[in-house]
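None of the values given here were measured: they were computed from a predicted structure.
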Amino acid sequence: MGVTRTRERAGLREWYASELGWPTGGTDDAPGLLTGVRFDALDVPLAAGLAVLRRFARTGPAAALGGRALLLVAAGSGAELPGLLDWLEWSGIPLDLAVRGAGDRIPAPRPAPWGPRAVRIAGTRAAREAYWLRPPVPGHEVEPTLPSLRVGTSVGVGTGAKDDGESKNVKNTVNTENTVNTENGDRRPVDLASLVGAVATECHRARLLTAAQARWSGHRTGQACAFSYASRMVAGTRPRSLTS
């Protein structure tokens with residue numbers, strides 16, 4: 001059983017190298033995908049990652065492991081993250097947000113073509129394995145699908161988000177196909193600034209919920225909680241006086 005599992009994981013590394021051209025690392029027992037080469041990855045709470053994927057129809061591939069989501073972004077984005085957070089007025093506010101860039105790696109999820117896995121069931125061994133929320137497409141370059149910085153793009157404008165008409169007809173689920181919508185002529189993924197703004201908002205929202213649960217359990221938290229103006233622009237939660 002152990003030998004079969006090791007061979008399977010070794011084949012996992014070979015699949016990513018041959019089908020996607022992605023550099024791999026780690027060992028046969030713990031295969032990984034190198035970051036900082038073809039892509040970086042934002043490491044966020046799973047609830048925050050799922051919320052962002054529901055909001056944006058066009059992002060890069062996204063994976064999950066345990067209680068974390070890994071959102072793939074353009075290589076080098078990690079170096080831009082501190083400046084983006086400062087520009088979006090999130091500096092100084094603790095966020096459960098990390099980036100995996102050059103010299104790091106993410107666990108290699110089981111490719112969708114290898115068959116379904118009950119990885120989303122908490123408490124099972126499979127739930128401790130990485131899996132794709134939005135899988136990459138074999139035979140296609142990943143770079144054009146990745147959020148990146150674009151000069152001249154306003155936050156929340158032309159970012160691959162569902163428009164009002166579309167969102168009314170879309171179920172509250174994650175699009176697992178990672179396909180490109182060409183009906184409106186916009187083939188671009190969400191820009192990095194908008195993605196980071198939404199991620200920060202959802203990370204902070206998750207932290208607020210955790211803090212509230214702690215208070216309900218009789219614990220106290222002394223950290224002030226606040227949403228930045230830029231993040232509220234992205235999330236569509238501006239004060240009524242600014243939207244009327």
Side-chain angles (χ1 to χ4, degrees), residues 16 20 22-26 30-56 58-109 130-136 141-151 153 155-156 159-161 174 178 188-207 210 223 227-228 230-231 234-235:
Y16 278 103
L20 296 176
W22 292 5
T24 61
L33 305 175
L34 301 184
T35 53
V37 182
R38 301 287 300 272
F39 52 80
D40 287 357
L42 300 181
D43 186 335
V44 305
L46 181 58
L50 291 174
V52 169
L53 293 180
R54 285 192 293 266
R55 175 172 176 77
F56 295 115
R58 295 183 294 280
T59 68
L65 175 63
R68 308 293 296 182
L70 301 165
L71 309 179
L72 271 54
V73 294
S77 297
E80 307 289 346
L81 186 60
L84 274 176
L85 291 174
D86 182 63
W87 180 66
L88 293 168
E89 301 180 8
W90 281 108
S91 59
I93 300 176
L95 297 172
D96 190 6
L97 166 62
V99 64
R100 303 196 188 192
D104 205 346
R105 63 176 181 263
I106 63 173
Y131 58 94
W132 286 112
L133 297 169
R134 281 185 180 164
E141 296 294 326
V142 70
E143 285 82 359
T145 71
L146 299 176
S148 61
L149 281 180
R150 293 202 294 267
V151 178
T153 300
V155 177
T159 59
V174 175
N178 199 28
R188 301 177 302 173
V190 60
D191 67 272
L192 184 63
S194 295
L195 181 71
V196 169
V199 164
T201 298
E202 295 301 333
C203 285
H204 191 57
R205 192 188 310 278
R207 183 173 175 275
T210 300
Q223 174 64 41
F227 284 93
S228 71
S231 69
V234 173

Using the ring of each side chain (for Trp, its six-membered ring), is Trp22 parallel, tilted or perpendicular to Tyr16, with breaks at 30° and 60°? parallel
Heavy-atom side-chain proximity of Thr59 to Leu71 below 4.5 angstrom: no
Is Leu20 close to Val142 at the side-chain level, that is, under 4.5 Å between some pair of heavy atoms? no
Is a side-chain donor or acceptor of Ser194 paired with a backbone partner of Asp191 at a separation under 3.5 angstrom? no
As an exercise, state the distance from CD1 of Ile106 to CG of Leu33, rounded to the nearest 0.5 Å. 5.0 Å
Quick check on side-chain contact (heavy atoms from CB on, under 4.5 Å): which of Asp43, Leu34, Thr35 does Asp104 satisfy it with? Thr35
Is a side-chain N or O of Arg205 found less than 3.5 angstrom from the main chain of Ala48, in a donor-acceptor match? no
Please test Trp90 against Thr201 for side chain to side chain contact (heavy atoms under 4.5 Å, CB included), starting from the C-alpha separation and ending with a verdict. CA-CA 9 Å; Trp90 281 108; Thr201 298; 3.8 Å; yes
Gap between atom CG of Leu53 and atom CG of Leu195 - 0.5 Å precision: 8.5 Å
Roughly how far, to the nearest 0.5 Å, is CG of Leu146 from CG of Asp40? 9.5 Å
Note, Pro189 side chain near Thr145 side chain (heavy atom, < 4.5 Å): no
Mind checking the CG-CD spacing from Asp96 to Glu202? Nearest 0.5 Å is all I need. 13.5 Å
If you round to the nearest 0.5 Å, how far is CG of Leu149 from CD of Glu80? 5.0 Å
Looking at every non-hydrogen atom in both residues, tell me the closest pair between Gly78 and Val99 and how far apart they are. CA-CG2, 3.5 Å
What's the spacing between Trp132 CH2 and Arg134 CZ if we round to 0.5 Å? 12.5 Å
Closest heavy-atom pair, Gly60 versus Pro147, reported as atoms and distance to 0.1 Å, is N-CD, 3.6 Å
Just wondering, do Leu85 and Leu97 contact through their side chains at under 4.5 Å, heavy atoms? yes
Any side-chain heavy-atom pair from Arg100 and Arg105 closer than 4.5 angstrom? no
